[in-house]
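This report concerns only the one structure given below.
Just so we're clear, the structure is a prediction, and the values are computed from it rather than from any experiment.
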Amino acid sequence: RITQFYNGSRCCPSRASLLTGLYAQQTGVGLMTGRGKEPGYTGALNESCVTLAEVLKSAGYQTFMSGKWHVGDDVLPTSRGFDDFYGFYTGYTVNSYNPNQMIRLPAGRPTHKYESGKFYATDAITDYALDFVNQGRKDTARPWFLYLAYQAAHFPLQAPADEVKPYVPTYLKGWDQIRTDRLERMKKLGVLPADSVLSPRSAIPHVNNAKRDGLDTNVNPSWV
């Protein structure tokens, strides 16, 4: 459990920090992917950092990754320490129902075949992760490491209707109550100090959008 990790407000800087143990700017992914000019914002993992997979591979580990990369659109996971990869390495999201947006690396490795209409990215990412775990276990002489990074929490939010239905009552109570419940749970787990308090509801960054939607304030309103 990581209790002293701070997200970088965006997904790619957070992933860069998680993969390297460095501040995102030290890795080159200080903001988004894509090429920039400033050293901390080149948009891809630079040569001044090493990934967790590169370190573990140098120690004899088998290294696997399944899911979302997003730390450099022209940097392959297999070039930064991972032996096997399934997922997508360009951009920040995919259509969860489109298998053509995913790739298996290195080329020529075994792949799953899904019937028409049966593909769902979360399930596929899990299928390959299980394959990698089983592959790792077969080599009893070497330990293995799996980096599993789902993308389903990123927009577009896509989930099978039968999986959404059980969660509807949870979210009907609104985000104020949900935030309060989560804060109290984190206090009990010891992740946050007992005197932690919730921040105010976030602002809507574009005032004109708020007015367009019928709001007389640029602060997000109560859900209920």
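Thr20 meets the side-chain hydrogen bond (donor to acceptor under 3.5 Å, both in side chains) test with no other residue; sequence neighbours excluded. In this view, Tyr92 and His154, Phe155 satisfy the ring-ring contact (aromatic ring centres under 6.0 Å, His included) rule, not counting sequence neighbours. Residues passing the ring-ring contact (aromatic ring centres under 6.0 Å, His included) test with Phe64 are Phe132, sequence neighbours excluded. Partners of Tyr120 according to the ring-ring contact (aromatic ring centres under 6.0 Å, His included) rule, which considers only residues two or more places apart in sequence or in another chain, are Tyr97. Qualifying salt bridge (charged side-chain N to carboxylate O under 4.0 Å, His left out) partners for Arg201, counting only residues two or more places apart in sequence or in other chains: Asp176. With sequence neighbours excluded, the residues forming a ring-ring contact (aromatic ring centres under 6.0 Å, His included) with Tyr86 are Tyr128, listed by chain and number.
Between the CG atom of Asn100 and the CZ atom of Phe119 there is a distance of 8.5 Å, given to the nearest 0.5 Å. A distance of 4.0 Å separates CZ in Arg15 from NZ in Lys68, rounded to the nearest 0.5 Å. Distance check: Gln135 CD to Leu146 CG gives 11.0 Å after rounding to the nearest 0.5 Å. To the nearest 0.5 Å, atoms CG (Asp123) and NZ (Lys118) are separated by 11.0 Å. Atoms OH and OG, on Tyr23 and Ser17 in that order, are 9.0 Å from each other to the nearest 0.5 Å. Here CD of Gln62 is found 11.5 Å from CG of Leu56. Values are rounded to the nearest 0.5 Å.
Using a 4.0 Å cut-off between a side-chain N of Lys or Arg and a carboxylate O of Asp or Glu, Asp195 and Lys187 do not qualify as a salt bridge.
Heavy atoms from other residues, nucleotides or ligands lying under 6.0 Å from CZ of Arg10 number 12 at most. Within a 6.0 Å sphere centred on CD of Glu163, other residues, nucleotides and ligands contribute more than 12 heavy atoms. No more than 12 heavy atoms of other residues, nucleotides or ligands lie within 6.0 Å of CZ in Arg137, so this atom counts as exposed by the packing criterion.
Side-chain N/O atoms of Tyr114 and Asp127 include a donor and acceptor closer than 3.5 Å.
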Note to self: With side chain to side chain contact (heavy atoms under 4.5 Å, CB included) as the criterion, how do Leu76 and Phe82 come out once you've worked through the C-alpha distance, each side chain's angles and the decisive distance to 0.1 Å?
What the structure shows: CA-CA 9 Å; Leu76 296 176; Phe82 289 99; over 6 Å; no
Check your understanding: side chain to side chain contact (heavy atoms under 4.5 Å, CB included) between Arg109 and Leu105: does it pass, once the steps are laid out?
Key -> CA-CA 7 Å; Arg109 295 292 171 89; Leu105 296 173; over 6 Å; no
*Would Thr122 and Gln151 satisfy side chain to side chain contact (heavy atoms under 4.5 Å, CB included), going step by step from the backbone distance to the final call?*
CA-CA 8 Å; Thr122 296; Gln151 47 58 253; 4.1 Å; yes
Note to self: Evaluate Val71 against Thr27 for side chain to side chain contact (heavy atoms under 4.5 Å, CB included), listing each step before the verdict.
What the structure shows: CA-CA 9 Å; Val71 283; Thr27 72; over 6 Å; no
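Taking every heavy atom of both residues into account, Gly72 and Thr33 meet most closely at N-CG2, 3.5 Å. When all heavy atoms of Ala129 and Leu148 are compared, the closest pair comes out as CB-CD1, 3.8 Å. Nearest heavy atoms, Gly43 versus Val29: C-CG2, 4.3 Å. Between Val164 and Ala159, the shortest heavy-atom contact is CG2-CB, 3.7 Å. Minimum heavy-atom separation, Met65 to Pro77: SD-CB, 4.1 Å. Asn46 and Arg80 get closest at one heavy-atom pair: O-NH1, 3.0 Å.
Taken together through direct or relayed side-chain contacts under 4.5 Å among Ile, Leu, Val, Met, Phe, Trp and Tyr, Ile125 and Val133 form part of one hydrophobic cluster. Both Leu52 and Val75 belong to a single network of hydrophobic side chains, linked directly or stepwise wherever heavy atoms of I, L, V, M, F, W or Y lie under 4.5 Å apart. Under the 4.5 Å side-chain heavy-atom criterion for grouping Ile, Leu, Val, Met, Phe, Trp and Tyr, Leu198 is connected to Leu192 within one hydrophobic cluster. Follow the hydrophobic side-chain contacts under 4.5 Å out from Trp144 and you never reach Phe85; the two are in separate clusters. By the rule that hydrophobic residues join a cluster once side-chain heavy atoms approach within less than 4.5 Å of another member, Trp175 and Tyr167 end up as members of one cluster.
For Gln101 (side chain) and Val94 (main-chain N/O), no donor-acceptor pair under 3.5 Å exists by modelled atom type. In this structure, Glu184 contributes its side chain and Asp181 its backbone to no donor-acceptor pair below 3.5 Å. For the pair Thr63 (side chain) and Lys57 (backbone), a donor-acceptor distance under 3.5 Å is absent.
Looking at heavy atoms from C-beta onward, Ser202 lies out of side-chain contact with Val219 at the 4.5 angstrom threshold. The closest side-chain heavy-atom distance from Tyr89 to Ile103 is below 4.5 Å.
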